[in-house]
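Contents: one structure, followed by commentary.
Just so you know, these numbers come straight off a predicted model, no measurement behind them. Numbers restart at 1 for each chain; the letters A, B, ... are given by sequence-line order, proteins then strands.
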2 protein chains.
Amino acid sequence: MDQLLDILKRNQLSVTEGRKKILELFLKSPGALAHADIEKSTDASFDRVTVYRTLQTFVEKGIIHNIPTTDNSILYALCRDNCEAGHHHDNHVHFICDVCDKTICLEHVAIPEVKLPKGFKQNQTDVVISGVCSECR
Amino acid sequence: MDQLLDILKRNQLSVTEGRKKILELFLKSPGALAHADIEKSTDASFDRVTVYRTLQTFVEKGIIHNIPTTDNSILYALCRDNCEAGHHHDNHVHFICDVCDKTICLEHVAIPEVKLPKGFKQNQTDVVISGVCSECR
DNA sequence: AGCAAAAATGCAATAATGTTGCAAATTTTA
DNA sequence: TAAAATTTGCAACATTATTGCATTTTTGCT
């Protein structure tokens with residue numbers, strides 16, 4: 001069965017052209033995507049607003065998560081594995097290349113334990129490393 | 001001697017009302033600040049543009065650094081210790097409280113070592129943890 | 001398949017955020 | 001203190017994000 005349909009149905013979402021196309025984009029792309037990337041790639045076939053709303057919906061359902069960045073851009077990436085809404089969306093490290101500017105999910109680099117001071121409750125941990133990626137060095 | 005003047009002079013910056021006021025704000029505040037926070041706290045005594053440019057200058061000089069966040073906001077925090085422009089700006093963990101929405105620099109929580117795959121060169125590492133802070137629990 | 005209800009989309013308007021050029025004001029340098 | 005250099009504020013503009021509502025599409029049911 002189609003993977004796209006599967007994901008959408010599993011999350012009780014109506015199956016629409018926009019959602020299929022955007023979800024497909026995430027499945028195909030290796031790294032993280034910015035809103036702008038998505039608009040470009042979908043070739044202006046959807047309204048900006050639809051893209052915003054679709055991304056928002058996907059985040060709420062836990063299909064994608066957003067990645068912290070140092071500039072003011074929002075990056076989205078697929079939640080691989082068994083990622084549930086409201087849970088840790090992420091247990092891998094993100095890498096931002098200073099040269100090509102791409103964000104890469106380092107799927108196999110686990111986030112280390114961090115001990116917080118007394119009184120702090122830990123929910124989600126994001127690790128973002130910048131430097132030069134293996135392509136650009 | 002005045003700490004503000006000292007910092008500005010050391011970085012070869014003209015001493016102006018705006019820079020003094022904004023720098024003072026950073027010295028006084030325990031956590032990180034967003035652009036909006038600064039505009040509010042300075043009581044609209046400066047133009048938006050001035051705030052933007054001042055922050056930009058401070059980042060370039062390595063007086064402050066920006067912190068990655070999951071939403072689309074940029075947070076700035078003072079570089080404590082001996083922080084040079086173009087270097088690691090940061091060796092501590094940042095905490096964002098889901099309740100009060102404040103960002104806190106956990107000065108005494110060191111960033112753990114992360115081993116990257118072959119070919120990746122590490123420059124700066126940011127760790128952002130969200131959850132509930134000690135005030136809000 | 002066909003129909004009603006529910007959900008999603010597109011459009012328009014609006015808000016929020018960030019940038020640029022340039023003249024006036026302030027700060028530095030000598 | 002005067003000239004040079006820097007910074008500021010204003011205005012205009014660009015980009016990015018949000019909201020309401022009518023129209024279209026999708027779903028669930030018979």
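- The minimum heavy-atom distance between A:Leu27 and A:Gln3, with the atom names listed, is CD2-NE2, 3.8 Å.
- Whole-Å rounding puts the A:Gln56 CD to D:dT19 P distance at 8 Å.
- Between the P atom of D:dA5 and the CD atom of B:Gln12 lies a distance of 16 Å, rounded to the nearest Å.
- Spacing between atom CZ of A:Arg48 and atom C1' of D:dA14 amounts to 12 Å, rounded to whole angstrom units.
- The rotation axes computed at either terminus of the helix from C:dA1-D:dT30 to C:dA30-D:dT1 lie 50° apart, taking five pairs at each end and rounding to 10 degrees.
- Looking at heavy-atom distances under 4.0 Å, B:Arg19 makes contact with sugar-phosphate atoms alone, never a base.
- Shortest non-hydrogen contact noted between A:Thr42 and A:Ile38 is OG1-O, 2.7 Å.
- Taking atom CG on B:Asp47 and atom P on D:dA11, their separation rounds to 10 Å, with Å as the unit.
- For B:Leu13 and D:dT8, the CG to P distance is 10 Å, given to the nearest whole Å.
- For A:Arg53, counting side-chain heavy atoms from C-beta on, the closest listed nucleotide (D:dG20, D:dA17, D:dT8) is D:dG20.
- Of all the heavy atoms in A:Leu106 and B:Pro117, the pair that sits closest is CD1-CD, 4.1 Å.
- Between A:His35 atom NE2 and D:dT18 atom C1' there is a gap of 12 Å when expressed in whole angstrom units.
- Side-chain atoms of B:Asn11 never come within 3.5 Å of backbone atoms of B:Leu8 as a donor-acceptor pair (strictly under, hydrogens ignored).
- Mapping heavy-atom proximity under 4.0 Å, the span of DNA chain C touched by chain B runs 5' to 3' from C:dT17 to C:dT28.
- For B:Ser14, no side-chain nitrogen or oxygen approaches OP1 or OP2 of D:dA5 to under 4.0 Å.
- Sorted by first and then second residue, the ring pair (Phe, Tyr, Trp, His ring centres under 6.0 Å) pairs involving residues 33-53 of chain A (not counting sequence neighbours) are A:His35-A:Tyr52.
- The distance between atom CZ of A:Phe46 and atom C1' of D:dT23, rounded to the nearest whole Å, is 17 Å.
- B:Arg19 contributes no side-chain N or O that, together with a main-chain N or O of B:Leu13, makes up a donor-acceptor pair within less than 3.5 Å.
- A:Arg137 contributes no side-chain N or O that, together with a main-chain N or O of B:Lys121, makes up a donor-acceptor pair within less than 3.5 Å.
- Side-chain atoms of B:Tyr76 and B:Phe58, non-hydrogen and from C-beta on, never get closer than 4.5 Å to each other.
- In terms of heavy atoms, B:Ile67 sits closest to B:Ala32 at CD1-CB, 3.5 Å.
- Remark on DNA chain C: of its neighbouring residues B:Val15 and B:Val49, the 5'-side contact belongs to B:Val49, judged by nearest-heavy-atom nucleotide.
- Regarding A:Lys20, its NZ atom lies at a distance of 12 Å from the C1' atom of D:dT25, rounded to whole Å.
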